[in-house]
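To start, the structure itself, in structure tokens.
Residues take their numbers from the sequence shown, with the count starting at 1. One-based numbering, in listed order, for ligands and for the atoms of each.
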Amino acid sequence: METNLEMQQVNSMPRIGDTAPDFEAVTTKGKIKFSDFAKDKWIVMFSHPADFTPVCTTELSGFAKRKGEFDALNTQLLGLSIDSIHAHLGWVQNVRENTGVYFDFPIIADIDMKVAKLYGMLQPNESETAAVRAVFFIDPSKKIRLVMYYPLNVGRNMNEILRVLEALQISDEYQVAMPLDWKKGDKVIVGPPKTLDELNARLADDSLEKVDWYLAKKNI
Ligand code: BEZ
């Protein structure tokens, strides 16, 4: 049995801007090699603490019910927990029988905790055996763009997961940033000027909503 300290040493923590670490894994949709998985798509990879538990059932059902919205955003869902493939299959079937909701996306059976440790999903002071509720937003170049970690006792917010995914994609497309509480349809922030010419152009641009020269918004 590893000590807490040993677990922390092998439990890496990928950060925003890092290339998502590669791995091979068994999932409910067959084996995957992450570097070859969902090429040209965004990936939302999320962990849950355990199959057949109540909060996790609501969360995975939330992902399943809104899968069409992730598809529309060219995004592949990928679940993970430290459970066996048999537990995953049993749980998927149990939820389908009970509620009609089908988890139609791959769920990694990370029984040896390899992927959970690689992605900092195993946080031993929260649980030594179960992954926390992590969400990794990974762009089509396999770069990590946003990370969420939630504890075992608080479920995530699906509206927020979709909001930040859309914000990342629109930010990339238009080279803009998103203000507090931004949602699709709201004005976006244009980057601050880097030269005096850009500053002067900014001041002369009547299409912008300007609070000051460094804080301006526009419609897209
Ligand atoms: C749950 O999903 O309900 C849960 C899982 C692990 C610990 C606590 C709650």
Report yes if some N/O of Leu152 lies less than 3.5 Å from some N/O of ligand 1; otherwise report no.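 Leu152 vs ligand 1: no N/O contact under 3.5 Å.
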Between Arg133 and ligand 1, find which residue part has any heavy-atom pair under 4.0 Å and reply side chain, backbone, both or neither.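 The side chain, only.
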Please compare Asp51, Thr58, Leu60, Val55 and report which has the shortest non-hydrogen distance to atom 1 (C) of ligand 1.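 Checking each option, the heavy atom nearest atom 1 (C) of ligand 1 is found in Val55.
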Assess Pro54 for proximity to ligand 1: is some non-hydrogen atom of it under 4.0 Å away?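 It does; at least one heavy atom falls under 4.0 Å.
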Quick one, Asp104 with Lys29, criterion side-chain contact (heavy atoms from CB on, under 4.5 Å). Give me CA distance, side-chain angles, the key distance, then yes/no. CA-CA 9 Å; Asp104 191 13; Lys29 299 265 190 179; 2.4 Å; yes
Could you tell me how the ring of Trp91 sits relative to the ring of His48: parallel (under 30°), tilted (30 to 60°) or perpendicular (over 60°)?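 Taking His48 first and then Trp91, their aromatic rings sit tilted (interplane angle of 30° to 60°).
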Using the six-membered ring wherever Trp is involved, compare the ring planes of Phe46 and Phe63 and label them parallel, tilted or perpendicular (cut-offs 30° and 60°).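 Plane angle under 30°, so parallel.
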Identified side-chain contact (heavy atoms from CB on, under 4.5 Å) partner of Leu80 from the options Thr27, Ile107, Asp110: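 Only match with Leu80 under side-chain contact (heavy atoms from CB on, under 4.5 Å): Asp110.
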Atom 6 (C) of ligand 1 - nearest protein heavy atom and its distance: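 Among all protein heavy atoms, the one nearest atom 6 (C) of ligand 1 is Pro49 CB, 3.7 Å.
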Near Cys56, which atoms of ligand 1 are under 4.0 Å from a heavy atom of that residue?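 Listed by number with element: 1 (C), 2 (O).
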List the steps and the verdict of side-chain contact (heavy atoms from CB on, under 4.5 Å) for Lys217 and Val188. CA-CA 5 Å; Lys217 293 184 187 175; Val188 298; over 6 Å; no
